[in-house]
Amino acid sequence: MARHASIPPASLPDAEFPALKRLIMAQTGHFYYQDKDTLLWERLCRRFRQTGLSGSAAYLQRLRDPLLCEAEWDALAAEITVGETFFFRYAEQFAALRETILPELLRLNGSARQLRLWSAGCANGAEPYSLAILLRQLLGDALPEWRLALLGTDLNEAALQQARLGIYSRWTLRGQPADLLEHDFHSVDGGRRWQLRSHHRALARFRSHNLLSLLDGSSPLELNDFDLILCRNVLIYFHPDVVRQVVRALAERLRPGGWLLLGHAEPNPAFAEFLQLVELPGTVAYRRPVEGKAPPLPTNPPDAPVPMMPPPPATRLPLPAMRHRPAPEPLPQRPEPGAGAAGFLRQAREAADRDDLAAAAAACNAGLKAAPTDPLLHHLDGLVARAQGQPAAAEAAFRRAIYLRRDFAMAHYQLGLLLLDEGRRLEGRRALANAARIVAAWPGETLVEEGDGMTAQQLRAGIRLQLNAPAGRST
């Protein structure tokens with residue numbers, strides 16, 4: 001992808017844009033863009049540039065061309081469903097999988113020794129591969145005795161190709177400790193990227209699938225009888241009426257007693273008509289009732305308190321020196337007028353989610369020149385620097401974010417993870433404990449700023465795991 005492809009267009013939607021938008025929404029079901037013309041137009045303009053087309057009218061013709069339409073719809077789907085995903089996203093849900101859901105499924109299926117799991121909307125494979133790692137940890141030496149069917153599906157064929165390769169940048173692996181990388185991945189490209197080890201990759205397979213096909217009967221017959229379905233952060237694209245139909249269709253594809261996990265913001269009381277709501281520490285899940293009776297509720301240990309370190313001193317240290325990584329090339333445009341730091345943040349995140357870390361770094365640098373005191377930009381700059389293998393630059397960026405906003409919980413948290421990975425255990429634990437102290441009094445469901453959808457309770461749980469880890473390793 002060309003470097004300039006991440007730059008928002010300066011022009012407004014053209015005359016044929018409404019017709020193009022209607023076609024896209026009808027074909028993909030992406031109600032998400034109903035009130036987001038600017039965002040959809042930006043992403044369409046990237047396809048215009050990549051195809052050399054002049055605008056919506058020409059692009060409509062391409063989408064209707066019998067020879068070009070199939071490949072172009074695939075490319076467009078990849079562009080408009082760009083989503084952020086990373087390993088073990090939503091720590092509290094993976095804690096529920098590790099401690100409750102998967103152990104129960106393994107117990108219930110112990111005689112048959114088979115398990116079917118589906119990651120619907122798997123993007124680049126981080127979610128199903130996280131399940132693969134977790135299953136291998138739980139089964140240990142007994143894994144070869146089980147027949148595991150772990151399926152990942154997505155509409156984005158480019159993302160599926162990456163999933164099959166299992167190669168990721170440090171951006172996708174951000175927040176993962178060094179020992180996990182050493183154990184479950186091996187470095188490629190001179191350490192710039194990491195590939196999941198082959199024994200994990202062998203547990204999952206991937207195929208293209210549109211969730212809307214569940215509603216018209218065209219979905220493959222093999223998508224049935226699952227013990228566990230994960231469909232997280234996919235339903236946000238659909239109209240609320242379609243969401244209910246899709247969830248019902250997913251429920252019908254669960255075995256009796258099977259589990260369904262949705263994104264943190266996607267549960268709906270209406271789903272209780274056909275699924276049993278199960279409350280777990282920090283999250284909720286759904287189960288398909290066993291015919292004639294509801295499946296028993298699992299028991300879970302109470303949320304243990306997080307050990308705290310003393311609060312940081314009130315006196316401020318000098319602001320760390322700004323670090324400007326040289327951009328590979330100057331940005332040809334700036335975000336639209338009035339967007340300010342938010343425009344650069346969005347531009348940098350989109351580039352990072354495409355694994356274009358150079359473009360993400362350039363957007364951060366440009367944003368920091370325009371808004372040098374924005375803590376969110378410094379935090380994102382640190383994440384990108386860490387993903388690029390520049391720990392000193394990442395540490396300086398996180399410390400700048402903390403200097404500018406002392407209660408920035410995620411900056412403390414990311415600094416702590418970085419310091420632990422660098423072997424600076426005492427400093428790392430102090431930074432993590434500072435993050436825990438900040439969110440200690442927050443309601444558990446409060447979303448943490450810059451937390452990738454993480455709630456306060458999930459952050460507290462992640463910190464607790466880190467602080468309770470034995471010396472010499474982080475969790």
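The first residue of the sequence shown is numbered 1, and numbering continues consecutively from there.
At a threshold of 4.5 Å between non-hydrogen side-chain atoms, the residues W73 and L63 count as touching. Looking at heavy atoms from C-beta onward, L230 lies in side-chain contact with L131 at the 4.5 angstrom threshold. Two residues are said to be in side-chain contact when any heavy atoms from C-beta on lie closer than 4.5 Å; Y168 and Q162 meet this criterion. When side chains are defined from C-beta on, V243 counts as touching V247, because their heavy atoms get closer than 4.5 Å.
With respect to the salt-bridge test (charged N to carboxylate O, under 4.0 angstrom), the residues K21 and E16 do not qualify. Salt bridge present: E450 and R349 bring a charged side-chain N and a carboxylate O closer than 4.0 Å.
Counting all heavy atoms, side chain and backbone alike, Q93 lies closest to L262 at NE2-O, 2.9 Å. A pairwise comparison of heavy atoms in A204 and Y129 identifies CB-CE2, 3.8 Å as the closest pair. Minimum interatomic distance between L404 and P375 (heavy atoms only, all atoms of both residues): CB-CB, 4.1 Å. Nearest heavy atoms, A360 versus V384: CB-CG2, 4.0 Å.
In this structure, T446 contributes its side chain and P443 its backbone to a donor-acceptor pair below 3.5 Å. Judged by distance alone, with hydrogens and angles left aside, the side-chain atoms of Q414 form no donor-acceptor pair with the main-chain N or O of G382 at under 3.5 Å.
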Show the atom names and distances, to 0.1 Å, of all donor-acceptor pairs under 3.5 Å that link a side chain in residues 52-59 to residues at least two apart or in another chain.
unit_1	atom_1	unit_2	atom_2	d
S56	OG	D14	OD1	2.7
S56	OG	D14	OD2	3.3
Y59	OH	E72	OE2	2.5

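Annotation: side chain to side chain contact (heavy atoms under 4.5 Å, CB included) contacts of R207 (sequence neighbours excluded): L151, T153, P220, E222.
Ring centers of Y33 and W41: at least 6.0 Å apart, outside the cut-off. For Y286 and W259, the ring centers sit 6.0 Å or farther from each other.
Taking CG from L415 and CZ from R430, the interatomic distance works out to 11.0 Å, rounded to the nearest 0.5 Å.
The one candidate from H379, H378, E449 that meets the side-chain hydrogen bond (donor to acceptor under 3.5 Å, both in side chains) condition with R405 is E449.
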Verdict with reasoning, D154 to H209, per side-chain hydrogen bond (donor to acceptor under 3.5 Å, both in side chains): CA-CA 5 Å; D154 202 277; H209 179 257; over 6 Å; no
